[in-house]
*Asks:* 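Can you read through this structure? Questions will come right after.
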Amino acid sequence: MRVLRRAAAMVALLVGAVGVQVIQGGAAQAALPTAAVALGDSFVSGEGAGDYQPVVDTSGTAQGFPGWSAANSNAYFCHRSANASFFKASFPGVQDRFNLACSGGRPADIANASSARPNGRSVASQLDQLRAVAQTHDIDVVLIGLGSNNSHFTFGDVATLCANRFIADAWTGWWEFWAYLGGDVPQEPCTVSDLASDAEVAAATTETTAALRQILDTLAQVDADGVHQVVLQNYTNPLPLDVAPQYRDEDNRTDTRDKFRDLGAERYAAGCPIHRASLAPGHVFSQNLGNLVRNAYNTLAAERPAANLRVLDVQKAFDGARLCENPGSPENALATPVRIQESPNGNFVTSLSGWDKIRVQKAANTCGTYFQTCQEAWHPNAAGHVVLGQCLTGALTAAPRTVVTCARNSNGSLTIS
C-alpha cells in the first residue's frame, strides 16, 4: 500500500492535481482533458530559450534554479523553457501541454531514470512521466527530439571538441605548444571522423529506434482513446557552411596561421569560435543526425502501418540566420553564441579581447567543471524556438506518415512542404 500511495503522490507532483471522476468499477471518466507532450533532449526542452521552469526530481521535489555552482545533475538543468518551440506551436483542440524533455537526454533516459547513468540528471524516466500525464489527460500530440545524444556521441561533446580546438589554436603559439604543453593539445580543425563515425551513427540509430519503439508501445497502452499524432523532429545546425567575410581574418591572420588571438576574439564575440575548415564536417554531422531520425522513422512506419507518424525536418529552418552567417552576429542569429564564465557567478564573458591563454584556460575549466555555465551554447535561442514552433505547426497540418521539410527563405519566411 505504501508503494501505491507513493506512486499516486508522484503522479500529483508531476502533472498537478487534476480532478478525474471515477465511476463504479474503477474506470476513469472518458472525457479527459486533451494534452500535448514533448519528449527527448535539449532541442525540444527549450535549451537556449531562457525562462526555464522548475523541474520535479526523482524525490518529488520541484527544483528551481539551484545556483551556478550546483551539481549539473540537478533536475532544473533539464532547462525546460516556457519559450520552447513546443509552447510556440499551435495545437488546435489541445487543452494542456507537458514538456517532459530534458537537455542532454539520451535514448536510455526514455525507459530509465536519467540519474541511472553517468552525467545524467535526477529525473524519472520519460516514460514514467508520460504515464503520469496519461493518468489525467488524453494525449493527442507527441513531439519527440531524440538521437543527438546517445551512448556513442553527444552534441555537447562535439561542440566542445571543435570550439576547444579553435581556442587552443588561436591563443597558443607553436613554441608554447611544444615547450609548455608537450604537444598533446589538439589544435587542428575537426574532421567528419572526429565527430561521429559511420559505425557510431549506425549504432546510435539502432539505439534511438529502440527508444522510440518503447514510446509508441507505452502510448498504445496508456492513451485514453488510442488516437495521437507523433512528430519526430530532427536538428538544425547553428553554424553556416562558411562565416561572413568580416569574420575570416583579423590583423592579417586567418585561422590557418600560428596563433591568431585577434581573430579568435572576434569569432568568439560573434558566437562562432570554430575553424572555417570545421564547418563543413559539422554539417555532415547534422545531416547524419537527420538521416538517423529519418531511418528510425522508416523502420517504425514499416512496423506500424496504422501509426500516425511523421518526421519534421528542420535542418534548413535557420538558413541565412545562423551564427556568423551575416554581419552583426550574434544579435541577428537564431542560435545562442558560445559564452563562458570565468567562475560560476552568472556573469557571461562576451569579449576575449586582450585575454592571455592562462585566463582562457581558466574560463574553459569553469565550463568543464560547471557545465551548466555554458550548456546553452549553439542551441536555438528564443527567436529560433519561435521559428521551430512555426515549423511544428505546419507539420501537424500535413498528411500523416510523411516527411515534412521546414526551410527558411532569404526574406525570413518559411516554406513548409
*Asks:* Does the Ser413 side chain pair with the main chain of Asn409, one donor and one acceptor, at a distance under 3.5 Å?
*Replies:* no
*Asks:* Is any NZ, NE, NH1 or NH2 atom of the basic residue among Arg359 and Asp356 found under 4.0 Å from an Asp or Glu carboxylate oxygen of the other?
*Replies:* no
*Asks:* Answer yes when Arg117 and Asp109 have at least one side-chain N-carboxylate O distance shorter than 4.0 Å, and no when they do not.
*Replies:* yes
*Asks:* Decide yes or no on side-chain contact (heavy atoms from CB on, under 4.5 Å) for Asp242 and Arg276, but give the supporting numbers first.
*Replies:* CA-CA 6 Å; Asp242 201 359; Arg276 289 175 68 192; 2.7 Å; yes
*Asks:* Go through it in stages, so that I can follow the logic: the residues are His228 and Asn308, the test is side-chain contact (heavy atoms from CB on, under 4.5 Å), and I'd like the CA-CA distance, side-chain angles, deciding distance and then a yes or no.
*Replies:* CA-CA 7 Å; His228 43 261; Asn308 190 337; over 6 Å; no
*Asks:* Taking atom OG1 of Thr397 and atom CD1 of Ile416, what is their separation to the nearest 0.5 Å?
*Replies:* 7.0 Å
*Asks:* With side-chain contact (heavy atoms from CB on, under 4.5 Å) as the test, would you mind laying out the steps for Val314 and Gln233 before giving the verdict?
*Replies:* CA-CA 7 Å; Val314 297; Gln233 180 184 297; 4.2 Å; yes
*Asks:* Drop me the distance from Glu266's CD to Asp251's CG, to the nearest 0.5 angstrom.
*Replies:* 10.5 Å
*Asks:* Return the orientation label for the Phe166 and His275 ring planes: parallel under 30°, perpendicular over 60°, tilted otherwise.
*Replies:* perpendicular
*Asks:* Rounded at 0.5 Å granularity, tell me how far CG in Leu143 sits from CG in Leu312.
*Replies:* 8.0 Å
*Asks:* For the side chain of Gln375 and the backbone of Phe77, is there at least one donor-acceptor N/O pair under 3.5 Å apart?
*Replies:* yes
*Asks:* Applying the ring-ring contact (aromatic ring centres under 6.0 Å, His included) test to Phe155, which of Phe43, Phe285, Tyr235 qualifies?
*Replies:* Phe43
*Asks:* Rounded at 0.5 Å granularity, tell me how far CG in Leu289 sits from OG in Ser148.
*Replies:* 6.5 Å
*Asks:* Got a sec, which residues hit salt bridge (Lys or Arg N to Asp or Glu O under 4.0 Å) with Asp255, two or more places apart in sequence or on another chain?
*Replies:* Arg267
*Asks:* Does a salt bridge link Asp313 with Lys316, judged by any charged N lying under 4.0 Å from a carboxylate O?
*Replies:* no
*Asks:* What is the minimum heavy-atom distance between Val403 and Arg294, and which atoms define it?
*Replies:* CG1-NH2, 3.3 Å
*Asks:* Rounded to the nearest 0.5 Å, what's the gap from CZ on Phe318 to CZ on Arg408? Could you check?
*Replies:* 9.5 Å
*Asks:* Mind listing the closest non-hydrogen atom pair of Leu32 and Thr136 along with its distance?
*Replies:* CD2-O, 3.9 Å
*Asks:* Scan for disulfide (SG to SG under 2.5 Å) pairs involving residues 60-154, sequence neighbours excluded, and state none if there are none.
*Replies:* Cys78-Cys102
*Asks:* Is there a donor-acceptor pair under 3.5 Å between the side chain of Thr366 and the backbone N or O of Pro344?
*Replies:* no
*Asks:* Would you find a donor on one side and an acceptor on the other, under 3.5 Å apart, between the side chain of Ser114 and the backbone of Arg121?
*Replies:* yes
*Asks:* Would you call the rings of Phe98 and His137 parallel, tilted or perpendicular, taking 30° and 60° as the class edges?
*Replies:* perpendicular
*Asks:* Under the 6.0 Å and 45° cation-pi test, does Arg401 pair with Tyr297?
*Replies:* no
*Asks:* If we ignore hydrogens and angles and just use 3.5 Å, is the side chain of Arg97 paired with the main-chain N or O of Phe86 as donor and acceptor?
*Replies:* yes
*Asks:* Quick check for you: to the nearest 0.5 Å, what is the distance between Leu219 atom CG and Leu130 atom CG?
*Replies:* 5.0 Å
*Asks:* Show your working on side-chain contact (heavy atoms from CB on, under 4.5 Å) between Gln229 and Asp140 and close with a plain yes or no.
*Replies:* CA-CA 6 Å; Gln229 300 180 75; Asp140 281 355; over 6 Å; no
*Asks:* With sequence neighbours excluded, what pairs up with Glu303 under the side chain to side chain donor-acceptor pair (under 3.5 Å) test?
*Replies:* Arg213
